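The residues of the chain are indexed from 1 along the displayed sequence. Since we're looking at a predicted model, the values are computed, not measured. What's counted below: heavy atoms across the whole structure, side chains too, no hydrogens, waters or symmetry copies.
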Amino acid sequence: MIIKERTKPFVMLILEALVRRLPLSHQKYQLIWEELGRRQAGYQGEKSLDYYYRELPNEKYMILHDLNLQDGDYNCQIDTLLLTSEFALAIDVKHFAGKLIFDTENEQLIQIHNGKEKGFPYPIAQGERHQKYIKKLLAKHHFPPVPVEYLVVISNGYASYVVTGNKAYKVKPRVCKADVFLNKMELLEKQYSNPLLTAKDLRKLCRLLVKMNTVPTSYILKKYGIQRPDLLTGVHCPTNSNHFLIRKNQNWYCPSCDTFSKDAHLDALKDYFLLFGSTITNQQFREFAHLKSHDTAKRLLQSCNLQCFGKNRYRYYAPKNLPW
C-alpha cells in the first residue's frame, strides 16, 4: 500500500529554482547544475522501480516515497522506505550510466563512463546512516525494535557494477540491479519472518513518518553557501527566462519580446517560496517583483489563492501547501 506518493522531489524543485535565479557567472552554478542533472536522472530511476513495487503484496508492504526527515541541522532524505510487520527497508536508487565500482577499501563509489572516471559519495555509508536513523526513531517513539535494512538499487539497465576491496563480502548483499530487486525482497522475507509490528503499530508509524516529513527549504542553500544577495530577483519572461518583465497596463510586459502576460508573477512567487521561505509580505513581494505600488502588490497577492495572516503592516501571505 502506498502511504506517501512519489512526487517531484522538493530538493529538485529548489535546484531548478536556483538554476533560474543564480547568475551563470556564480562560482557554484556549475556544481548546482550537475547536482540537478544527477537528481533528475535519479528521479527517473526511482519512477522506473514502480514496476517492481507493484509486484509486492499490497496488504503486507507500506511504501513511503521521498521522505525528508529532519536530523538535527541536516536532512535525512530516503528515496523509498518499505515497512512491514517483520522489517523495514530503506532504498537508495542510483541511475548512473557506465561501470560502477563500489570500492569498499577506500569507501567510495567510482563511475567510469565514456572513458572518464569520476568519484561519488559512498552510498553504503549513506545506507548505514539511514539504518541508524530509523532504528533511533523507532526506539525514541517506543516501537518494537524491528530489523532495519538498506539496499542500493541500480536502475539503469545498461550499467554494470563490481564490488571490490577487503569488505566486498559485506557490501555485495546491499547492492543489486533493478531487475533482481524482487529476488532480494524474497531473501529478506525468508530472513525476517517473525512479525514484530502489529497492524496498529504500522499505521501509527506511517502517520508519524508522514507528519515528520519536512520540506528542506534551507538545506540546499546552506549546502552551497548561497546567500540571498547572490540570487536574481524580478519576474521572468515566460518566453525567455533571461528577460525580465515590467508592470505595464495592469499586465506584465517584456520589452525584449514585446509580449504581455497576466500571471507571470506566479512563477516568481513559486521561486520565492522555494528559496526564501514559506511566507511573504507585501514589501518583500514588491522588492522581489520590482513593484512600486503597494496596492498593486496587494491586489496580485490576494489573487493568488494564498492564505493571509495578520493585519496592516504585520500582514503576510503563505501558500496552503508546499510545493505551491
Side-chain angles (χ1 to χ4, degrees), residues 7-23 26 32 66-77 207-238 241 244-254 260-324:
T7 56
K8 198 171 187 179
F10 202 84
V11 170
M12 207 162 94
L13 295 174
I14 294 172
L15 288 167
E16 288 174 348
L18 264 181
V19 166
R20 289 191 292 268
R21 293 288 169 178
L22 205 61
H26 193 279
I32 292 169
D66 190 31
L67 282 173
N68 290 280
L69 307 173
Q70 194 166 355
D71 186 13
D73 293 332
Y74 298 94
N75 177 55
C76 177
Q77 193 273 327
R207 286 197 300 270
L208 174 66
L209 289 167
V210 171
K211 184 178 180 180
M212 288 179 62
N213 188 64
T214 306
V215 176
T217 48
S218 61
Y219 166 70
I220 290 293
L221 272 66
K222 287 180 180 177
K223 176 181 177 180
Y224 286 104
I226 303 297
Q227 303 296 321
R228 193 164 183 147
D230 296 334
L231 300 170
L232 299 171
T233 57
V235 177
H236 284 139
C237 173
S241 61
F244 289 90
L245 308 183
I246 60 174
R247 196 69 183 164
K248 184 178 180 181
N249 297 332
Q250 296 186 333
N251 284 288
W252 295 102
Y253 175 66
C254 180
F260 286 89
S261 171
K262 287 187 176 182
D263 57 5
H265 59 282
L266 293 176
D267 286 333
L269 277 170
K270 288 177 183 178
D271 285 351
Y272 187 96
F273 292 136
L274 286 167
L275 298 172
F276 298 135
S278 58
T279 64
I280 191 168
T281 64
N282 185 295
Q283 182 178 342
Q284 288 169 334
F285 180 49
R286 279 182 281 139
E287 291 173 353
F288 189 72
H290 302 172
L291 291 169
K292 294 181 180 179
S293 169
H294 179 281
D295 291 338
T296 298
K298 180 180 178 180
R299 186 171 63 254
L300 289 173
L301 287 169
Q302 289 179 337
S303 70
C304 292
N305 195 28
L306 296 168
Q307 298 179 96
C308 181
F309 303 92
K311 294 182 179 180
N312 301 324
R313 63 192 182 112
Y314 299 106
R315 178 172 294 165
Y316 65 93
Y317 302 82
K320 294 178 182 177
N321 297 293
L322 286 174
W324 180 63

List the residues meeting side-chain contact (heavy atoms from CB on, under 4.5 Å) with [X], not counting sequence neighbours, and say none if there are none.
X	answer
Thr233	Phe288, His290
Pro9	Met12, Tyr43, Asp66
Val19	Tyr29, Ile32, Trp33, Leu36
Gln283	Thr281, Arg286, Glu287

Q) Who pairs with His236 by ring pair (Phe, Tyr, Trp, His ring centres under 6.0 Å), at least two apart in sequence or on another chain? A) Phe244
How long is the straight-line distance from [atom2] of [Y] back to [atom1] of [X], given to the nearest 0.5 Å?
X	Y	atom1	atom2	value
Ile226	Leu275	CD1	CG	10.0 Å
Tyr316	Asn282	OH	CG	15.0 Å
Glu16	Leu18	CD	CG	10.5 Å
Leu15	Ile220	CG	CD1	4.5 Å
Ile280	Leu306	CD1	CG	8.5 Å
Cys304	Leu266	SG	CG	5.0 Å

Q.
Contact between Leu231 and Pro23 at the side-chain level, heavy atoms closer than 4.5 Å - yes or no?
A. no
Q) Can you check whether Arg247 reaches Leu300 side chain to side chain, under 4.5 Å on heavy atoms? A) yes
Shortest non-hydrogen contact from [X] toward [Y]:
X	Y	result
Gly225	Asp230	O-OD2, 4.1 Å
Ala318	Thr279	CB-CG2, 4.1 Å
Ser278	Pro319	O-CD, 3.2 Å
Ile14	Leu221	CG2-CD1, 4.2 Å
Ala268	Val235	CB-CG2, 4.0 Å

(Q) Listing request: all side chain to side chain donor-acceptor pair (under 3.5 Å) pairs with a residue in residues 263-275, at least two apart in sequence or in separate chains. (A)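 Qualifying pairs, neighbours excluded: Arg20-Asp271, Arg21-Asp271, Arg228-Tyr272, Trp252-His265, Tyr272-Gln284.
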Q) What residue pairs, at least two apart or across chains, pass side chain to side chain donor-acceptor pair (under 3.5 Å) with a residue in residues 294-315? A) Ser293-Thr296
**Q.** With sequence neighbours excluded, residues passing side-chain hydrogen bond (donor to acceptor under 3.5 Å, both in side chains) with Lys222
**A.**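 For Lys222, no residue satisfies side-chain hydrogen bond (donor to acceptor under 3.5 Å, both in side chains) once neighbours in sequence are set aside.
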Q | side-chain hydrogen bond (donor to acceptor under 3.5 Å, both in side chains) against Tyr224, all qualifying residues, sequence neighbours excluded | A |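 Scan of Tyr224 (side-chain hydrogen bond (donor to acceptor under 3.5 Å, both in side chains), adjacent residues dropped) gives Glu35.
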Q. Given Phe273, which of Phe285, Trp324, Phe10 fulfils the ring-ring contact (aromatic ring centres under 6.0 Å, His included) condition?
A.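 With Phe273 as partner, ring-ring contact (aromatic ring centres under 6.0 Å, His included) holds for just one option, Trp324.
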Q. Between the side chain of Arg207 and the main-chain N/O of Val210, is any donor-acceptor distance below 3.5 Å?
A.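 Checked: no pair found.
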